[in-house]
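Order of the sequence lines fixes the chain letters, A, B, ..., with proteins taken first and strands second; residue numbering starts at 1 for each chain.
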2 protein chains.
Amino acid sequence: MDRPVVPLGRPRAERADAKRNRLRLLAVAREMIAEGGVGSVTMDALAERAGLGKGTVFRRFGTRAGIFKALLEEEAHRFQEQVLNGPPPLGPGARAEARLVAYGRARIDFLIDNLDVARAATDRGFVAGPPAAVDMTLTHFRVLLREAGLGLRDPEILAVQLAAALEGPLLGYQAQGAGLPAPEAGPRLADGWRDLVERLFRGEPN
Amino acid sequence: MDRPVVPLGRPRAERADAKRNRLRLLAVAREMIAEGGVGSVTMDALAERAGLGKGTVFRRFGTRAGIFKALLEEEAHRFQEQVLNGPPPLGPGARAEARLVAYGRARIDFLIDNLDVARAATDRGFVAGPPAAVDMTLTHFRVLLREAGLGLRDPEILAVQLAAALEGPLLGYQAQGAGLPAPEAGPRLADGWRDLVERLFRGEPN
């Protein structure tokens, strides 16, 4: 219960120079994305701009999609840190209802901000199966719903359904390879989510 | 408001013999699926068993996936008929809350029953973009949520999120090409859905 979310990250120890190269490559890739979008990041262009050999980039990421996968994991790791150890209500120390509302808002922003990178992280343009980041949501919801003690028939399955309600609309964009959602989508989804959570917590069924 | 769901089906008039062939082919395909699963249905085997030329099957369905697409549309049409014109609470005449609960239960069964066919209906093994059947859910939810007058911040977006809550977990199975969900998944999803809807309708936020 004290570590509700499965830690992401690199399981084996990484040599100091390998780590330095990785961080450098990711930082440069972020610069390139900010300047020219995900389309501007190729293995060759990344190696050249980072001043490293192509072999280094290849060994590190394997494929072009691997670059974006690594970027996405870094972002997911950062997001997870806020949920595990950040200030409430996103982090620990608030009630389950407030944490769910805060998580939904932050998660929607995270998914929208990383939509292009997430799409580029898969060779076929869609994520097959739930990425680690989705499992995080599910695990977090399971813990919060159990903690809330709402007298639900089946908190486990409701966690699955709430995760789908939160992430499904944006994973749909990702899977379809359509452009970014309209600028107002984020605030609207956050409002809908807040409605859903507040009513879920306050609606005692007969 | 009196026809909340977009009608599916064949827009242009169909000649009597063409219709007879289509219905015969679909009936035979259903028999084959019942006996040997979707894997047993090929263009050749279907033509032979139906006693029709391969050219007829080809003109009708185009590809093997087209056979399953046609089957899925027939099933979706039948399902839609129950929602539009069947007895309450799935059909008209009950309150929005009861209709949403009934729709969820029926829809979960529909998705589980048609999981293999839906998967076979796409050449690449997953449905790109929402099929017509998904749009039906969204439209239906929009109408019911508006009708319910719950004072929601944004009933339109909540309809999107509820459709994802209901269908996302099963469309995930479909997209991943994994086997059927465990036998208890249907009742559990229906229970979770009922919890969600009942609390949504009874939980007036502060």
Requested in this report: For A/Glu156, look at atom CD and say whether over 12 heavy atoms of other residues, nucleotides or ligands are found less than 6.0 Å away.
Outcome: yes
Query - Separation of B/Arg199 CZ from A/Leu196 CG (nearest 0.5 Å) - result: 12.0 Å
Query - Atom pair CG/CG of A/Asp154 and B/Asp195 - distance to nearest 0.5 Å - result: 8.0 Å
Report task. Give a yes or no answer on whether the side chain of A/Gln161 reaches the backbone of B/Leu189 with a donor-acceptor pair at less than 3.5 Å. Result -> yes
Query raised in the report: In Å and rounded to the nearest 0.5 Å, what is the CH2 to CD1 distance from A/Trp193 to B/Ile157?
Result: 13.5 Å
Query raised in the report: Who passes side chain to side chain contact (heavy atoms under 4.5 Å, CB included) against A/Arg59, sequence neighbours left out?
Result: A/Thr56
Report task. Check whether any side-chain heavy atom of A/Arg153 sits under 4.5 Å from a side-chain heavy atom of B/Arg188, and report yes or no. Result -> no
Requested in this report: State, to 0.1 Å, how close B/Ala165 and A/Ala164 come at their nearest heavy-atom pair, and which atoms those are.
Outcome: CA-CB, 4.1 Å
What donor-acceptor contacts under 3.5 angstrom involve side-chain atoms of residues 31-42 of chain B, with partners at least two apart or in another chain?
from	atom 1	to	atom 2	distance (Å)
B/Glu31	OE1	B/Arg49	NH2	3.0
B/Glu35	OE1	B/Arg49	NH1	3.1
B/Glu35	OE1	B/Arg49	NH2	3.4
B/Glu35	OE2	B/Arg49	NH2	2.9
B/Ser40	OG	B/Met32	O	3.2
B/Ser40	OG	B/Gly37	O	2.8
B/Thr42	OG1	B/Ala45	N	3.0

